[in-house]
Amino acid sequence: MTFYTGTAPATAYEQSDRSGKLEIWDRSQKTSFMFCAQIASLEEMLKTPSGVDAPGNDEVYIDPPVFRAFILAAFDYLRHSGSLPLRRMLVGVLQTALFLDARASGEALPIPPGFNDIEEGLEDIT
């Protein structure tokens, strides 16, 4: 699947008219599916829109400002939850989200203090 910035096209005409869309990630179907499922689950838990839209056709669209706000909301939730198992489950999801956010927005989001475990290995995400 290929990840792009922006909103998903509503029609086939819009789809063909998007020659300048910015590709930010291209991963296997299974990797992409797992990431999107995890983001959807986190979105439901946080009750916050993620800015990730996977309308099909092997494409995923990310709205950079909404996605960044979502990531910050996830950090805030983890800071207050105190659940170590939840934190461990979300390390990879947040690392991938941080990678995609940096690609989509053009600059890395500073990781809040106290999240060294999420910073570790972040450079391995490509």
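Because the structure is a prediction, the values reported are computed rather than measured.
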Query raised in the report: Any donor and acceptor pair, going by atom type alone, linking the side chain of Ser83 with main-chain N or O of Ser81 inside 3.5 Å?
Result: no
In short, Asp101 meets Phe67 closest at the heavy-atom pair N-CE2, 3.8 Å
State whether the number of non-hydrogen atoms from other residues, nucleotides or ligands found under 6.0 Å of Glu44 atom CD is greater than 12.
no
Gln38 side chain to Leu90 backbone, donor-acceptor under 3.5 Å:
no
The single option from Ile39, Ile62, Thr5 that satisfies side chain to side chain contact (heavy atoms under 4.5 Å, CB included) with Leu100 is Ile62
For residues Val60 and Val66: do they belong to one hydrophobic cluster (side chain heavy atoms under 4.5 Å, members Ile, Leu, Val, Met, Phe, Trp, Tyr)?
no
message: Within the 4.5 Å heavy-atom criterion, are Leu109 and Leu72 side-chain neighbours or not?
response: yes
* Asked: Any donor-acceptor pair under 3.5 Å linking the side chain of Thr96 with the backbone of Gly92?
  -> yes
### Query
Mind checking whether Leu98 and Ile125 have side chains closer than 4.5 Å, heavy atoms only?
no
Between Gln95 and Glu120, the two heavy atoms sitting closest are NE2-O, 2.7 Å
Minimal heavy-atom distance between His80 and Asp76, with the atoms involved, is ND1-O, 2.8 Å
Tightest non-hydrogen contact, residues Glu43 and Gly51, listed as OE2-N, 4.5 Å
Here the gap from Ile71 atom CD1 to Thr48 atom OG1, rounded to the nearest 0.5 Å, amounts to 12.5 Å
Shortest non-hydrogen pair, Cys36 vs Ala54, comes out as SG-CB, 4.3 Å
I'd like to check Ile118 versus Phe75 (side-chain heavy atoms, cut-off strictly below 4.5 Å). Are they in contact? yes
In this structure, CZ of Arg68 is separated from CG of Asp63 (nearest 0.5 Å) by 12.5 Å
Do Leu42 and Phe70 come close enough that some side-chain heavy atom pair is under 4.5 Å?
-> yes
Taken to the nearest 0.5 Å, the spacing of Leu46 CG from Leu78 CG works out to 8.0 Å
- Task: Flag yes if Val91 and Leu94 sit in one hydrophobic cluster, no otherwise; membership is Ile, Leu, Val, Met, Phe, Trp, Tyr, and two members link when side-chain heavy atoms are under 4.5 Å apart.
- Result: yes
**Message:** Within the 4.5 Å heavy-atom criterion, are Met45 and Tyr77 side-chain neighbours or not?
**Reply:** yes
The salt bridge (Lys or Arg N to Asp or Glu O under 4.0 Å) partners of Asp117 (sequence neighbours excluded) come to Arg87, Arg88
Nearest heavy-atom approach of Ala108 to Ala102 is CA-CB, 3.9 Å
To the nearest 0.5 Å, atom CZ of Phe99 lies from atom CD1 of Ile24 at 8.0 Å
Notebook entry, point to check: Hey, is the main chain of Thr2 close enough, under 3.5 Å, to the side chain of Glu59 for a donor-acceptor pair?
Noted result: no
Is a side-chain N or O of Trp25 found less than 3.5 angstrom from the main chain of Thr126, in a donor-acceptor match?
yes
